[in-house]
Amino acid sequence: MKLREFIAALLGISAYAPPQDAALLVAPSETHVRRIRRMLGGQIVPLPVTQTRWYFSDLESAQHKADKGDLSSAARLCRAIRRDGIIAGVLSTRANGIVALPKRITGDDEMVRALEGRDGTRSIFDAMCPASELVALAIDGLLLGVSIGELVPVEGRDYPVLVRLEPEFLRYRWNENRWYYLSTAGALPITPGDGRWVLHVDGPRIAPWQAGLWHALGKAFIAKSHAEMHAANWEAKLANPARVAIAPQGASEIQKQSWFQKVMAWGVNTVFGLTPGYDVKLLESNGRGWESFQKTIERSDREAIIAVTGSTVLVDGGTGFANADVHKSIRADLIESTARALEHTINTQVIPQWVAQRWGEEELDRAPAIAWDTTPPKDQKDDADALEAFGKAIASANESLASYGRRVDARELASRYGVPLELVPVTIGDAPANDVDRADDIAEAAQ
């Protein structure tokens, strides 16, 4: 089975690429791409555009452009959103927390051992898929709904390294049903899983950007940034009270100017000795406009945290906040969703490339798979306690029923309570039994 056919079966490439390869006829040649990369030190990502001021009209424009397949403004907004401390913190809690969870690699024993093997201080998998790149892909997927990476060959290794690319240059052409990357060498067509491109989709296959968090976070981010600027402006103008110098009505102009200059020179620990008729005081604003700005900031922070974590734990505190536990601070189904989306991307677009490169395409059927253990620790303890109680209950019931010539149907109880069973060789007396059913027959015959 060819690599492309294998990946197409796993991923459903037809959902990302047109049936014909007509678009490839106008794409830059691989020779041209390699030449440009050599000229730019291996870089194919153009210089990003930085936008430091955002308005609600910019958000609306980004939404219109995104629905036409141009993600440039949406990606720039996502980059600006991550400059907010609150949003950056909750995003890292969700993405970094998931990547840091224990992971399991299942499949062919030889390949699993090779993938878990050490290459220096890291395993092959960690060297091929650095945690920082996985986190960046996951965050882009959460914010934008889609993220892009590239498998870059490394001299001296038989496996590539995953590199996250800036999603600002992603384009989707509706008329071709194909993604493109506007690189320094031109518009490059993207075929997920072809050995070069890694397209991570954390939403629906059609228009995944519509499911990204950037719509909600962008609104909260813009409102918060404007409120912070208005609050700073208020503080600059009204937070420092005006100084009022009062001179007596009969004072000469020279005396007034002298008195005003002394008040203007008011510094730290200044002391004024005043005669009757002279006075000095502070003129402070009695307005409460600053409260409106603070409420807007707090509301925006709350909206952003709930959008990312699905709960108010990080807002209201509680045990989840105190323990800094990813399972308690983020809703369990969101952890599961993000982890499974990232696993699907790796298992269909990264690991098969490594298998084909090391063992050959004919061994793709044995390709291993990775999965993060997203089970909350409390649930694992409950499962262990339940299994222990299940075993003790059966033993106690069998002991009580023995005098009546009866025993508990352990298989029926295991099926009812979801306890997995495995057939093992059984010996009753001198008679061996190959399975549980045979052991039951022997036991009944013995009675």
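All of these numbers come straight from a predicted model, not from anything done at the bench.
- A distance of 11.5 Å separates CG in L71 from OG in S147, rounded to the nearest 0.5 Å.
- H200 places no side-chain N or O within donor-acceptor distance of the main-chain N or O of D140, the cut-off being under 3.5 Å.
- One finds a salt bridge joining R340 and E343 here, because a Lys/Arg side-chain nitrogen approaches an Asp/Glu carboxylate oxygen to under 4.0 Å.
- Taking a cutoff of 4.0 Å between a charged side-chain nitrogen and a carboxylate oxygen, E150 and R164 do not qualify as a salt bridge.
- A donor-acceptor pair under 3.5 Å is formed between the side chain of W54 and the backbone N or O of Q51.
- Atom-to-atom distance recorded for L342:CG and D202:CG is 8.5 Å, nearest 0.5 angstrom.
- With hydrogens and angles ignored, the 3.5 Å screen pairs a side-chain donor or acceptor of S92 with a backbone N or O of G89.
- By the 6.0 Å and 45° rule, R173 stacks over the aromatic ring of Y180.
- A 6.0 Å sphere centred on NZ of K68 holds no more than 12 heavy atoms belonging to other residues, nucleotides or ligands.
- Within 6.0 Å of the CZ atom in R406, the count of heavy atoms belonging to other residues, nucleotides or ligands does not exceed 12.
- With contacts defined as side-chain heavy-atom distances shorter than 4.5 Å, the pair V163/L151 does not qualify.
- When all heavy atoms of V201 and P208 are compared, the pair lying nearest together is CG1-CB, 3.7 Å.
- The OG1 atom of T374 sits 8.5 Å away from the CD1 atom of I98 when rounded to the nearest 0.5 Å.
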One pair to check against ring-ring contact (aromatic ring centres under 6.0 Å, His included): Y172 and W174. What are the steps and the verdict? CA-CA 6 Å; Y172 178 75; W174 286 93; 5.1 Å; yes
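- Between K103 and D126, some side-chain heavy-atom pair lies under the 4.5 Å cut-off.
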Chi angles and distances behind the side-chain contact (heavy atoms from CB on, under 4.5 Å) call for L142, V308: CA-CA 8 Å; L142 288 172; V308 176; 5.6 Å; no
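- Between L137 and V135 the shortest side-chain heavy-atom distance does not fall below 4.5 Å.
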For L134 and L162, what are the C-alpha separation, side-chain angles and deciding distance, and is it a side-chain contact (heavy atoms from CB on, under 4.5 Å)? CA-CA 8 Å; L134 293 179; L162 174 64; 3.8 Å; yes
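- In this model, no donor atom of one side chain and acceptor atom of the other lie less than 3.5 Å apart for E116 and S123.
- The backbone N or O of V49 sits less than 3.5 Å from a side-chain atom of R79, completing a donor-acceptor pair.
- Taking a cutoff of 4.0 Å between a charged side-chain nitrogen and a carboxylate oxygen, R76 and E168 qualify as a salt bridge.
- Side-chain atoms of S61 and D58 form no donor-acceptor pair, as typed in the model, at a separation below 3.5 Å.
- Annotation for N347 and I370: closest pair OD1-N, 2.8 Å, computed over non-hydrogen atoms.
- Looking at F221 and E303, their side chains never come closer than 4.5 Å, going by heavy atoms from C-beta outward.
- For the atom pair CG (D108) and CG (D365), the distance works out to 11.0 Å, reported to the nearest 0.5 Å.
- H226 has its ring centre no less than 6.0 Å from the ring centre of F293.
- Put simply, the side chain of F169 reaches to within 4.5 Å of the side chain of P46, judged on heavy atoms.
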E298 and D301: side-chain contact (heavy atoms from CB on, under 4.5 Å), yes or no, with the steps? CA-CA 5 Å; E298 292 175 355; D301 285 341; 5.8 Å; no
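- Judged by distance alone, with hydrogens and angles left aside, the side-chain atoms of E176 form no donor-acceptor pair with the main-chain N or O of R178 at under 3.5 Å.
- Note on E363 versus R366: salt bridge recorded, some NZ/NE/NH1/NH2 to OD/OE distance being below 4.0 Å.
- Without hydrogens or angle criteria, W209 side chain to A66 main chain gives a donor-acceptor distance under 3.5 Å.
- In this structure, the side chain of W372 engages the main chain of V99 through a donor-acceptor pair within 3.5 Å.
- For the pair V146/W179, a side-chain contact is recorded, criterion being any heavy-atom separation below 4.5 Å from C-beta on.
- Nearest approach of Y181 to I44, heavy atoms of both residues: CE2-O, 4.5 Å.
- For the atom pair CG of L213 and CG of L143, the computed distance is 6.0 Å after rounding to the nearest 0.5 Å.
- Side-chain contact between W214 and K219 is absent, with no heavy-atom pair separated by less than 4.5 Å.
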Full working for side-chain contact (heavy atoms from CB on, under 4.5 Å) between I351 and L115: CA-CA 9 Å; I351 292 181; L115 201 56; 4.0 Å; yes
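- Remark: M229 CE is packed, more than 12 non-hydrogen atoms of other residues, nucleotides or ligands lying under 6.0 Å away.
- In the model, T309 has no side-chain atom that pairs as donor or acceptor with a side-chain atom of R94 under 3.5 Å.
- The pair D84-K224 meets the salt-bridge criterion, since a charged nitrogen lies less than 4.0 angstrom from a carboxylate oxygen.
- P189 and A187 make their closest contact through CD-O, 3.7 Å (heavy atoms, listed as atom of the first residue, atom of the second, distance).
- Nearest heavy atoms, A95 versus A138: CB-CB, 4.2 Å.
- Nearest heavy-atom pair, Q210 versus D67, reported as atom, atom and distance to 0.1 Å: NE2-OD1, 3.0 Å.
- A distance-only check finds no donor-acceptor pair linking the side chain of T338 to the backbone of I335 [under 3.5 Å].
- Residues D158 and W354 have side chains that never bring a donor and an acceptor to within less than 3.5 angstrom of each other.
- Contact check for I139 versus R82: side-chain heavy atoms found under the 4.5 Å cut-off.
- Interatomic distance, CZ of R113 versus CD1 of I124, reported as 14.0 Å (0.5 Å rounding).
- Among the candidates L165, I190, L182, D70, the single residue satisfying the side chain to side chain contact (heavy atoms under 4.5 Å, CB included) test with L170 is I190.
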